[in-house]
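Accompanying notes for the structure given below.
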Amino acid sequence: QVQLQESGPGLMKPSQKLALTCSVSGGSITTDYYWWDWIRQPPGKGLEWMGTVAWSDTTYYSPSLKSRTSISRDTSKNQFTLQLSSVTPEDTAVYYCARRYYYCSGSGCQYKYDDWGQGTQVTVSS
């Protein structure tokens with residue numbers, strides 16, 4: 001089990017660029033076959049997957065956010081970072097980082113999350 005901790009500004013103004021960092025302890029972000037995700041939950045809505053950086057440094061993004069999102073990592077600090085440009089009030093949400101892995105059993109294979117950060121509130125308001 002690893003520990004994940006999000007950090008970043010709690011209050012943003014529209015059009016600014018959000019940067020959130022997830023610090024990981026108890027395991028390396030380069031460990032094979034783990035994916036490190038950013039997920040958010042707007043008020044009153046469900047979870048929204050934003051993107052991921054893999055153990056291999058490959059990145060994938062939600063199509064709806066791809067034009068504004070960038071995820072990178074710093075292996076020396078065991079951290080990965082989300083950048084979201086041109087924020088609007090619709091980007092107000094609790095932002096989570098989480099670890100995902102590919103699990104196979106007799107009934108098949110699927111992705112599972114095993115560790116999450118506690119989440120950090122980001123509010124976008126003028």
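Nothing fancy with the numbering, it's 1 onward along the sequence. Hydrogens, waters and symmetry mates are skipped; everything else that's a heavy atom, side chains included, is used.
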State the [atom1]-[atom2] distance between [X] and [Y], to the nearest 0.5 angstrom.
X: T75; Y: K77; atom1: OG1; atom2: NZ; answer: 11.0 Å
X: L18; Y: S86; atom1: CG; atom2: OG; answer: 11.5 Å
X: T52; Y: M50; atom1: OG1; atom2: CE; answer: 12.0 Å
X: Q79; Y: C97; atom1: CD; atom2: SG; answer: 10.5 Å
X: S105; Y: Q110; atom1: OG; atom2: CD; answer: 7.0 Å
X: Q121; Y: Y95; atom1: CD; atom2: OH; answer: 9.0 Å

Is the shortest side-chain heavy-atom distance between [X] and [Y] below 4.5 Å?
X: D32; Y: W55; value: yes
X: N78; Y: S23; value: no
X: S67; Y: Y61; value: no
X: Q41; Y: E48; value: no

**Message:** Is the positively charged end of R73 above the ring of F80, judged by distance under 6.0 angstrom from the centroid and angle within 45° of the axis?
**Reply:**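 Pair R73/F80 does not count as cation-pi.
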
**Identified side chain to side chain contact (heavy atoms under 4.5 Å, CB included) counterpart of L84 within the set K17, Q16, M12, R40** = R40

**Request:** Would you check, one step at a time, whether the test side chain to side chain contact (heavy atoms under 4.5 Å, CB included) holds for V53 with T58?
**Result:** CA-CA 6 Å; V53 57; T58 303; over 6 Å; no

**Prompt:** Which atom names give the shortest non-hydrogen contact between P14 and V124, and what distance separates them?
**Reply:** N-CG1, 3.8 Å

**Prompt:** What is the minimum heavy-atom distance between A98 and Y113, and which atoms define it?
**Reply:** CB-CD2, 3.7 Å

**Asked** Charged N to carboxylate O below 4.0 Å: is that the case for D37 and R99?
**Response** no

With hydrophobic residues grouped by side-chain heavy-atom distances under 4.5 Å, do [X] and [Y] end up in a single group?
X: W116; Y: V24; value: no
X: I39; Y: L82; value: no
X: L4; Y: L47; value: no
X: Y34; Y: W49; value: no
X: Y60; Y: Y33; value: yes

**Request:** For the residue pair S125 and T123, confirm or rule out a side-chain donor-acceptor distance under 3.5 Å.
**Result:**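 Result is no, nothing qualifies.
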
**Asked** Going through the checks in order, is the side chain to side chain contact (heavy atoms under 4.5 Å, CB included) test met by T120 and L20?
**Response** CA-CA 9 Å; T120 186; L20 295 175; 4.1 Å; yes

Under 3.5 Å donor-acceptor, [X] side chain and [Y] backbone:
X: T92; Y: P89; answer: yes
X: E6; Y: G119; answer: yes
X: D115; Y: V2; answer: yes
X: D91; Y: T88; answer: yes
X: T59; Y: I71; answer: no

**Prompt:** Does the separation of the ring centres of Y96 and W38 fall below 6.0 angstrom?
**Reply:** no

**Request:** Go through the steps for S64 and S62 under the test side-chain hydrogen bond (donor to acceptor under 3.5 Å, both in side chains), then give the verdict.
**Result:** CA-CA 5 Å; S64 65; S62 166; 3.0 Å; yes

**Request:** Anything under 30° is parallel, anything over 60° is perpendicular, the rest tilted; go ahead and classify Y111 against W35.
**Result:** perpendicular

**Message:** Classify the ring geometry of Y101 against Y103: parallel below 30°, tilted from 30° to 60°, perpendicular beyond 60°.
**Reply:** perpendicular

